[in-house]
Amino acid sequence: MSDRPPKSGGPKGEPPPPPRKDRRPTPSGGVRSARTPSGGVRAFTPSGGVPSARPSSPSYPPPPSSGDASLEARIVKGIAGSPGVAVGIALVIGEMRAAYTRRHIHTASIDAELARVRQAVDSAKASLREVSQRLPTDQAKNQAPILDAYLLMLDDPLLHDRINRKIRSEKKCAEWGVAAASEDILRLFEGGKGEKDAYIQERKHDVEFVCDRLLRALMGEPGHVIPRLDQPMIVVARDLSPADTAGMVREPALGFVTEVGTRTSHTSIMARALEIPAVVGVADALNLVRTGDTIIVDGLRGEITVHPEERQVADALARSARHLAFARGLLSARNQPCVAASGEAVTLKANVELPAEAILALDHGAQGIGLYRTEFLYIDRSTLPTEDEQYELYRAVVEAVAPQPVTLRTFDIGGDKFASTFALPDEMNPALGLRAVRLALSRPDVFLTQLRAMVRASAHGEVRIMVPMVASVHEMREVRKLLVRATAEVKERGLTHAPRIALGMMIEVPAAAIMADVFAREAEFFSIGTNDLIQYALAIDRTSRTLANLASPFDPSILRLIYNVARVANERRVPVALCGAMASDVLAAPLLLGLGLRELSMEAAAIPEIKEAIRRVDLTECKNAAEQALVCDSAENVESLVARVFAPRFFDLLAGSADEPTTRE
Ligand code: PEP
Ligand code: MG
């Protein structure tokens, strides 16, 4: 596997931060360099289904100069998040909500944690004063009062009172205390009549900004300046929120580099969906890269090059061109049937998060949407989406894809998918907490609204509803009752809907995989979510960069769970698919066929190469490989097995180019 922990290092020292989050400039203007082989596709805007055009011919920015000769070229390893190679100017985004580790402290450490907060206040003030001094005179006039207000807020007794309480009484570490106190204060703004008022919104931003400064000071992170650059850039960030990546549908980036993340984390999933090369898990990227630097993002090798030399730029552009040509070749076969060399048909569907991706999915030859992640609708906003708003979005996707089916997944919020609208409780282990169906059942009002919108969308094409993170039959039964109620409510209003809507479930908790025979009586279809199944079965946080190399989909325990689900489902004639990132791994796909699966769902961009891989294999050899894999004792041995059996004929698919040696072991 190419996912390895990265090496790190690099020069420190950053320009000062922008004074306000809400004034953060965004990348603007300029067409995106057309790395996507699917040129000329139509796209919906997330808000309303209006088609727009994408550039169809490659238009790289002029090869950036390799810059100051005194800056040494430096290659840093990360994790290949999304294939492709991009060369461009970096835009370092330091305004992300800084991540912190939630730690409970001992009573003996309370004073030390409080002292850390005091120190952080001093250092945040010092950095704000520094910003103030460095502002050009024309800006200083406007910005100085804002900075002064922030300085006052850093001493606000209400804030400090709450932070003290969090640390003293609730024994939270300093970072957690600061974050929890600011969440408390933000909650005071909610629910009132003026919640949407611009003034209230500004005050909320102010609280968030001050909290952000304190967290950065506590964690020793410098701030970053975000200049406005009028050309597509390579976005470098600690992490990217779903709203940030969604914004890139309209203002595309050339590439992404993030410090956190793995192949199954949100940024990678979105980058692959948007066909933007990405390298994630680049430790220290924010210290290593500065806005304006030339960098190469190599999403095939999983590495970035900062301050590349001329020959490295030329090589990267050539690799990019070869990758594009290869990807276009694969795409041109999109209408070929997906059948193994031995003749068995396999269904390939697409995973989507944004309505815009539905058309992209069809353009890549998807036979329907196997997973529509609806949490995007709830994230990064202050109010819940209405039934009508949801209905319009679901309908746009269902109509775009009809007569192919669309699997709408009910919201999977919680864990690493945070939505402020729900005011989720602080939990030590959010991935094991109030997430997905558990949260839905605890908020039947919100859940029913979503179910009604889905039921209404069923009037426009084949809709299936899928429940995430099911661990007990009780949950499926409760969801079914609510679906019956939602359907009755839609009917009562005289609105149309399909006579029958299949209700299925994700198999992503080991309990559900083991009890597949029992769940076969409750669910009308299964979809195996390996991203979470691996996390829960191997007890490895799916967002952990440092543990990413241990979270292998080839672990025999994972293969046995998948095999059990596929076997039971096939025996009981329950349709079964797999929609985790494993489905888009060329070496895993033949193994999945061998384990008994005939339907895979993945980001649209991966469909052409997985189809090509399937067309090159014989089912008997897939079954033989699966049989051997099931009795292997380690992921490494399974990886060697599949590399031995399948890699020689997939060298081009693995390298992402027809004429390069594979970089995968
Ligand atoms: C999964 O867990 O494999 C999955 C497809 O769901 P998500 O990545 O949205 O958690
Ligand atoms: Mg999941």
Side-chain angles (χ1 to χ4, degrees), residues 81-82 241-242 245-246 261-273 280 348-354 357 361 366 369-379 406-419 430-440 464-471 475 504-513 525-544 548 551-555 558-559 561-562 565-566 576-585 588-589 592 597 599-604 606-607 610:
S82 173
S241 76
T245 39
T262 61
R263 202 181 120 73
T264 61
S265 64
H266 188 270
T267 308
S268 300
I269 291 172
M270 281 302 286
R272 289 197 295 273
V280 298
L348 299 185
K349 292 185 181 167
N351 296 348
V352 302
E353 298 205 14
L354 307 173
E357 294 172 61
I369 305 296
L371 167 65
Y372 181 174
R373 293 181 166 100
T374 60
E375 17 323 323
F376 167 71
L377 279 162
Y378 298 80
I379 288 174
V406 174
T407 305
L408 299 173
R409 182 174 75 182
T410 60
F411 61 78
D412 179 6
I413 288 164
D416 60 327
K417 299 165 182 135
F418 182 77
L432 306 179
L434 191 62
R435 180 188 158 182
V437 67
R438 298 172 186 168
L439 179 63
R464 310 182 331 154
I465 296 179
M466 177 157 77
V467 191
M469 213 195 160
V470 175
E475 288 163 341
M505 61 183 269
M506 300 269 309
I507 302 255
E508 50 186 351
V509 178
F525 63 91
F526 290 152
S527 190
I528 304 172
T530 41
N531 303 342
D532 279 308
L533 191 59
I534 294 167
Q535 148 162 283
Y536 294 128
L538 299 179
I540 294 174
D541 180 345
R542 67 188 270 184
T543 64
S544 166
S552 171
F554 295 100
D555 194 288
I558 304 301
L559 302 181
L561 289 171
I562 295 172
V565 177
V576 58
L578 187 141
C579 64
M582 185 180 185
S584 58
D585 185 313
L592 294 174
L597 291 166
E599 182 178 322
L600 304 175
S601 190
M602 65 205 72
E603 59 274 2
I607 291 177
I610 295 300

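Atoms within each ligand, like the ligands themselves, are counted from 1 in listed order.
Taking a 4.0 Å cut-off on heavy atoms, Arg435 registers as neighbouring ligand 1. Met582 does not count as a contact of ligand 1, since none of its heavy atoms falls under 4.0 Å from the ligand. No heavy atom of Gln535 sits closer than 4.0 Å to any atom of ligand 1.
Using a 4.5 Å heavy-atom cutoff, the side chains of Leu592 and Leu600 are in contact.
In this structure Glu599 satisfies the salt bridge (charged side-chain N to carboxylate O under 4.0 Å, His left out) test together with Lys349, sequence neighbours excluded.
When each of Glu475, Met506, Arg438 is tested with Val470 by the rule side-chain contact (heavy atoms from CB on, under 4.5 Å), just one qualifies, namely Glu475.
Each of the following atoms of ligand 1 lies closer than 4.0 Å to a heavy atom of Gly529: 1 (C), 2 (O), 3 (O). In summary, the atoms of ligand 1 found under 4.0 Å from a heavy atom of Arg542, numbered by their order in the structure, are 2 (O), 7 (P), 8 (O), 10 (O).
Considering only non-hydrogen atoms, atom 3 (O) of ligand 1 lies nearest to Asn531 out of Asn531, Leu371, Asp412.
For the atom pair Arg373 CZ and Thr407 OG1, the distance stands at 12.5 Å (nearest 0.5 Å).
Geometry about the Mg ion (ligand 2) gives an angle of 100° between OD2 of Asp532 and OE1 of Glu508, rounded in steps of 10 degrees.
In this structure, Arg464 forms a cation-pi arrangement with Phe525, its terminal cationic atom sitting closer than 6.0 Å to the ring centre and no more than 45° off the ring axis.
Taking distance alone, with nitrogen or oxygen atoms compared against 3.5 Å, Glu508 approaches ligand 1 more closely than that limit.
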Would you sort out whether Phe554 and Asp585 count as a side chain to side chain contact (heavy atoms under 4.5 Å, CB included), showing the intermediate values? CA-CA 11 Å; Phe554 295 100; Asp585 185 313; 4.0 Å; yes

